2 protein chains.
Amino acid sequence: MSKSEDQVNTKTVRAFSPKTQKRREKALQEKRTRIMDAALSLFAKNGVNGTTVEQVSELANVSKSNLLYYFKSKEGLYLSVITHLLDVWLTPLQSFSAEQDPIETLSDYIKVKLEMSRDNPAESKLFCMEVVQGAPLLIKELETPLKTLLDAKSAVIIEWIEAGKLKPVDPIHLIFSIWAITQHYADFSVQIKAVTGKDLSDPAFFESTLSDIQHIILGGLKPA
Amino acid sequence: MSKSEDQVNTKTVRAFSPKTQKRREKALQEKRTRIMDAALSLFAKNGVNGTTVEQVSELANVSKSNLLYYFKSKEGLYLSVITHLLDVWLTPLQSFSAEQDPIETLSDYIKVKLEMSRDNPAESKLFCMEVVQGAPLLIKELETPLKTLLDAKSAVIIEWIEAGKLKPVDPIHLIFSIWAITQHYADFSVQIKAVTGKDLSDPAFFESTLSDIQHIILGGLKPA
DNA sequence: TTTAAATTAGACCCTTTGGTTCAATTTGGA
DNA sequence: TCCAAATTGAACCAAAGGGTCTAATTTAAA
């Protein structure tokens, strides 16, 4: 809508000792986080349009008034949630790095991503819904920061291939495949549970799923 | 809500010659389809809650009144759409059958699924959103018909493995992986387009994507 | 032409919901 | 104790949207 600062009510606390001010802001930040967490889980479950501000406030244990005191509007709240989400979401790929053994690196990456699906299913689902619906709020982030990151990581994979450490694959499709499969276990957990009776919170199921995925994706990539 | 027939207004045409009646019903059915198509694309793009009955009626080129004459309620419309959707969606797996070469069969299946992602992206997206949100309307269908189907197909894969035609994998995870990746190209098309600049409607991109996916998934499954 | 079904426009109603306003109360540090 | 910030509850407003109803019009088969 208007300027992006408008989405959040950043109350500046004045006339306090630095120590106190710090403590205060921390408390405020915690409450903001609490609200955003509540919003995240409801948005993921019912969609943004299917969630009322009141529901969020109840789940966060604050009054509706108070919520609107922290966030200017529902849209502002959603934007805060989704922006923060993307940060968290892309972090693991960052650490996906240079000159280790490719199979091992990719194995680890799959593991980290699957752990994220297990530990942050709501994040995964909300991200999924946003992108499925055209990512109106994230499109800019996808076109530049994400693309840049992907290009960098692609280059690493290409190096591996050229060094004969990995069979030839298009790096982009490889990364998409890893994302698709690992996120699938969060996003489609209902379907998976309906069919297998289990989900990633079951440790044994997590382990077998992880090793199967690693096997499927990496099995054909080991150099001859 | 109440009985399931209530979701749809099935006008029974009386006192017409059989021929005429047939023609009529066909026309009605076509219109119903037109409305459902419109609903599908809007629901997929904006979510059910983000779509108004009026928008659907406009896209389908009928009046709101007329739409409500065909479908008792928005929920009834959605239920019709989603039910029909599941039928279409699972069809390819049916034909996934017995004693051909596993690699070839799986290759074909991947191709069919990727074609569906290319040709019916809205179906894929709506299915995705419904499942992500807990599949309240589909859960029964997932727990029984889908599970039954999956069990049957798993058995086929197990046979392949036991016959030494395929390396050992958990069939369920294999199938999930295929679904995850192929559907990803429809559901996350915005992200893919943001990164690669292309989508499946580009023939060259389709072909290279297909062969990469086949390579990634099946590369490690060929028996030694 | 007759008749029933199909279709439309539009008024209308009711509920939901995002957001505002405000007065009152609580909280915690100075 | 004093004060500003934090928090709440409640009334309230306006817009949106699902759904009903009705009167009028069109369509097409008999």
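Each chain gets a letter, A, B and so on, in the order its sequence line appears, and its residues count up from 1. Keep in mind that the numbers below use all heavy atoms, side chains included, and drop hydrogens, waters and symmetry copies. All values reported here derive from a predicted model rather than from experimental measurement.
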Whether F43(B) and Y78(B) hold their rings parallel, tilted or perpendicular, with breakpoints at 30° and 60°: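 Ring orientation, 0 to 90° scale: perpendicular.
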Geometric class of the F188(B)/H184(B) ring pair [parallel <30°, tilted 30-60°, perpendicular >60°]: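 Rings of H184(B) and F188(B): parallel, as their planes differ by under 30°.
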Distance in angstrom units between [X] [atom1] and [N] [atom2], rounded:
X      : N       : atom1 : atom2 : answer
N66(A) : dA10(D) : CG    : P     : 15 Å
E30(B) : dA6(C)  : CD    : P     : 14 Å
L68(A) : dG19(C) : CG    : P     : 7 Å
L28(B) : dA29(D) : CG    : C1'   : 14 Å
K64(A) : dT8(D)  : NZ    : C1'   : 13 Å
K26(A) : dA5(D)  : NZ    : C1'   : 19 Å
E25(B) : dA28(D) : CD    : C1'   : 16 Å
K72(B) : dC21(D) : NZ    : P     : 12 Å

I213(A) side chain near H173(B) side chain, heavy-atom distance below 4.5 Å: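 Contact flag for I213(A)/H173(B) side chains = no.
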Can a side chain N or O of [X] be found less than 4.0 Å away from OP1 or OP2 on [N]?
X      : N      : result
Y69(B) : dA6(C) : yes
Y70(B) : dT7(C) : yes
K31(B) : dT7(C) : yes

Residue among D212(B), I216(B), I217(B) satisfying side chain to side chain contact (heavy atoms under 4.5 Å, CB included) with S177(A):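 Answer after filtering D212(B), I216(B), I217(B): I216(B).
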Minimum-distance nucleotide (side-chain atoms of K74(A) versus dA9(C), dG19(C), dG19(D)):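 Out of dA9(C), dG19(C), dG19(D), the nucleotide with an atom closest to K74(A)'s side chain is dG19(C).
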Verdict with reasoning, L28(B) to Y70(B), per side chain to side chain contact (heavy atoms under 4.5 Å, CB included): CA-CA 9 Å; L28(B) 291 220; Y70(B) 276 83; 3.6 Å; yes
Donor-acceptor pair under 3.5 Å, S65(A) side chain vs dG9(D) base: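 Counting by modelled atom types and ignoring angles, a donor-acceptor contact under 3.5 Å is found here.
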Donor-acceptor pair present, S63(B) side chain and dA9(C) base, under 3.5 Å: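 In this structure, the two groups form no donor-acceptor pair.
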Residues within residues 36-61 of chain A bordering DNA chain C, heavy-atom distance below 4.0 Å: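 Only T51(A), T52(A), V53(A) qualify.
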Residue pair I110(B), L218(B): steps toward the side chain to side chain contact (heavy atoms under 4.5 Å, CB included) verdict: CA-CA 10 Å; I110(B) 292 172; L218(B) 302 176; 4.2 Å; yes
K125(A) NZ/CZ over W89(A) ring centroid, <6.0 Å and within 45° of normal: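 Negative - K125(A) is either too far from the ring of W89(A) or too far off its axis.
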